[in-house]
Amino acid sequence: MPSAVRDLELDLDAFEGPFDLLLTLVLKEQLEPAEVDIAAIVVAFVEHLTARERIDLDACGEFLVLVAALLEIKARQLFPDEGAELAELEPEEAAEELARRLAEYRRMKEAAAWLRERLVEERERYFRLGPAPLAPRPERRLAPQDPAALALALAGLAAPPPKVSLSHMALRFPPVAQFLERFRAVLRRRRVFDFDGEVVGLSRVEQAVAFLALLELRKSGEVALAQAAPFAPIRVSRPEKERMQQWTVRSA
Amino acid sequence: MDRPLRLISREGIVDSPIDALARTVEALLVVASQPLTLEQLVDATEDVLERVETALSLLSERYREGRSGIVLERAAGGYAFRAAREAAEACGRLFERPVERGLSQAALETLAIVAYMGPVSRPEIARIRGVAADSTVASLVERGLIAEAGREAGPGGAVRYRVTALFERVFGLDSLAELPRLDDLGADAESLRDRLLEVAGARAS
Amino acid sequence: MDRPLRLISREGIVDSPIDALARTVEALLVVASQPLTLEQLVDATEDVLERVETALSLLSERYREGRSGIVLERAAGGYAFRAAREAAEACGRLFERPVERGLSQAALETLAIVAYMGPVSRPEIARIRGVAADSTVASLVERGLIAEAGREAGPGGAVRYRVTALFERVFGLDSLAELPRLDDLGADAESLRDRLLEVAGARAS
């Protein structure tokens with residue numbers, strides 16, 4: 001069945017091809033999520049929808065799950081641990097905060113580049129690390145100390161750290177590779193299986209990733225897919241002659 | 001008269017008091033394990049600041065590139081001896097560079113953050129870099145490039161770090177004030193902010 | 001002609017190959033933290049033994065008592081620079097550290113852990129503090145405030161540490177029983193340990 005989401009053709013700066021391939025490449029860490037213009041994907045999808053006679057609710061749902069996943073990955077890469085904090089800000093404040101942090105990181109990257117150059121310039125400078133061979137060994141003396149400082153130090157170590165919200169970490173992505181292996185293993189045992197039967201009980205996100213793995217296997221010609229009717233179970237079998245799709249990836 | 005001769009005491013040449021002081025400063029510098037500040041030199045020699053400065057300028061004339069294998073340099077806010085650059089190859093055959101060898105990109109970014117923003121905690125470093133900083137920080141501490149500098153205020157505060165004198169020395173800095181200013185990148189934040197607001201506005205309309 | 005001048009390269013004075021070699025040897029000696037053997041010097045300079053020996057004799061003429069604050073010494077089968085005897089007093093003042101008024105946060109926390117929970121190993125200290133303990137423990141051992149006290153049970157068990165008599169003296173304690181009580185943190189070392197490890201776990205997550 002052609003899917004309005006999977007086959008959504010994209011033409012972005014960093015990528016050209018169908019949406020599902022983009023997701024696959026991101027999950028396999030072959031494409032930097034930071035490079036992906038998500039707003040452009042949304043625009044492409046909305047245009048795609050309006051070109052059709054009726055609203056495909058299934059496609060909308062699938063798209064939402066997948067694009068949310070993509071956003072999550074991108075956000076997590078850019079601002080780990082910060083989702084909850086930013087969510088409490090007004091949009092303008094959040095934009096300002098985001099911009100400030102991006103600029104800060106970029107500055108630190110430039111500073112790191114300067115330090116690297118400096119190391120190269122300074123590599124001809126050798127100096128002694130540590131004490132001279134025949135130098136006297138100094139003795140360090142300490143003034144009388146208050147034992148209460150020890151108790152205070154331990155009390156500090158026993159104080160619970162401030163709470164960090166982990167709510168934004170709720171979405172966890174199992175690696176695509178995990179499902180690739182799983183489906184290959186099933187196909188070694190059986191010639192045909194139902195996709196739905198294999199992913200029953202998994203979360204929406206896990207199902208989405210499993211589905212990406214399936215598409216990946218079809219692309220590489222390792223499986224053949226068939227569906228008797230819309231909404232019927234997807235049958236996965238060992239491959240016959242399958243049409244290889246022509247996709248291109250443009251580097252950023 | 002050639003200046004270095006003034007440092008040499010022997011029969012026939014008058015050993016001026018400043019030469020004796022310069023010899024003492026030489027001695028201090030050759031046994032010190034870190035650059036010595038002017039103040040430390042004044043204290044150890046029990047002499048006056050101006051005379052110690054004169055002695056140092058005599059020594060930097062004698063111990064300079066091209067003239068001597070030992071070079072007097074300003075580093076980390078003090079004075080120290082190092083090998084002349086012409087001897088770098090020979091030094092490379094005998095000495096490792098355990099401090100800076102194999103510094104990763106992650107390590108350099110972390111160093112930059114600690115140098116510019118220190119004292120700074122591991123969670124803050126992680127927030128800026130976007131990845132956990134634990135192993136990178138541990139490796140920089142082990143190399144002696146950064147060191148603990150207390151904890152953040154409040155209960156359960158995280159350990160904070162600063163760069164060390166060794167960092168300044170390895171990167172050839174007399175002080176952190178010699179790090180390049182990054183102010184000019186402030187304009188960047190402006191334009192990014194405008195772009196984000198534009199996107200937010202487009203979405204709302 | 002005065003010998004030291006032969007080491008000085010500048011306009012008007014010919015820089016003989018042996019002078020260049022002597023400068024390289026100088027450089028190697030000023031970087032070394034151990035005496036260097038003749039063999040090491042030959043290897044590093046990639047020169048021949050006789051010439052390195054000649055360079056060394058030039059250097060021992062230049063760097064000798066009464067003439068220079070830096071003295072070339074044959075020691076423990078190798079060559080090394082040391083301070084001239086005339087600078088002994090100044091060196092003594094440099095290395096005689098002023099009495100330190102306080103301890104760093106890292107040292108204080110580590111001492112507290114060892115005092116209340118000792119004997120305790122480095123990995124355990126690191127777990128509780130949430131940062132590597134190597135350099136802090138090494139420095140406390142060097143200062144005589146903590147000492148080794150056996151190993152953890154089992155093969156390859158980590159070295160454990162306890163506080164020393166010097167520690168008790170510095171903190172004005174007749175025995176560890178006089179340490180301030182920590183009633184609200186745990187009744188005994190065991191429950192204290194559990195509490196600290198629990199908090200450390202929460203901090204790390």
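The model shown is predicted, which means the values in this text are computed figures rather than measured ones. Naming convention: chains lettered A, B, ... in sequence-line order (proteins, then strands); numbering from 1 in each chain.
Counted within 6.0 Å of CD on C:Glu100, heavy atoms from surrounding residues, nucleotides or ligands total more than 12; the atom is thus considered enclosed. Environment of CD in C:Glu53: crowded, with over 12 heavy atoms of neighbouring residues, nucleotides or ligands closer than 6.0 Å. Enclosure of atom CD in B:Gln34 is not indicated, since only 12 or fewer non-hydrogen atoms of other residues, nucleotides or ligands lie within 6.0 angstrom.
Between C:Leu28 and B:Phe95, the closest heavy-atom pair is O-CZ, 3.5 Å. Among all heavy-atom pairs drawn from C:Ala27 and B:Ala84, the shortest one is CB-N, 4.2 Å.
Heavy atoms closer than 4.5 Å to chain B are found in the backbone of C:Asp43, but not in its side chain. Contacts between C:Ala88 and chain B at a heavy-atom distance below 4.5 Å are absent for every atom of the residue. Residue contact with chain B, scored on non-hydrogen atoms closer than 4.5 Å, involves the side chain of C:Val30 exclusively. B:Leu36 touches chain C through its side chain: at least one heavy atom from C-beta onward sits under 4.5 Å away, while N, CA, C and O do not. Residue contact with chain B, scored on non-hydrogen atoms closer than 4.5 Å, involves the backbone and the side chain of C:Thr24 alike.
Screening residues 133-168 of chain B for ring-ring contact (aromatic ring centres under 6.0 Å, His included), with sequence neighbours left out, gives B:Phe167-B:Phe171.
The candidate from B:Leu41, B:Leu94, B:Thr45 with the greatest count of non-hydrogen atom pairs under 4.5 Å with chain C is B:Leu94. Between chain B and the options C:Arg93, C:Glu89, C:Glu96, the largest number of non-hydrogen pairs under 4.5 Å is found for C:Arg93. Between chain B and the residues C:Val31, C:Thr136, C:Val25, the largest count of heavy-atom pairs under 4.5 Å involves C:Val31. Counting heavy-atom pairs closer than 4.5 Å to chain C, the top-ranked of the candidates B:Glu46, B:Gln40, B:Arg122, B:Arg82 is B:Glu46.
You'll find the side chain of C:Ile70 reaches within 4.5 Å of the side chain of B:Ile70, heavy atoms only.
Atom OH in C:Tyr63 sits 7.5 Å away from atom CD in B:Glu26 (nearest 0.5 Å).
Side-chain N or O atoms of C:Arg23 include none that pairs as donor or acceptor with a backbone N or O of B:Gly69 at under 3.5 Å.
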Report, one line per pair, each donor and acceptor closer than 3.5 Å where one atom sits in a side chain of residues 108-121 of chain C; sequence neighbours left out.
residue, atom, partner, partner atom, Å
C:Glu109, OE1, B:Arg151, NE, 3.1
C:Glu109, OE1, B:Arg151, NH2, 2.7
C:Glu109, OE1, C:Arg129, NE, 2.7
C:Glu109, OE1, C:Arg129, NH2, 3.1
C:Glu109, OE2, B:Arg151, NE, 2.4
C:Glu109, OE2, C:Gln105, NE2, 2.8
C:Thr110, OG1, C:Ala106, O, 2.7
C:Tyr116, OH, C:Pro180, O, 2.6
C:Ser121, OG, C:Glu124, N, 3.4
C:Ser121, OG, C:Glu152, OE2, 2.8

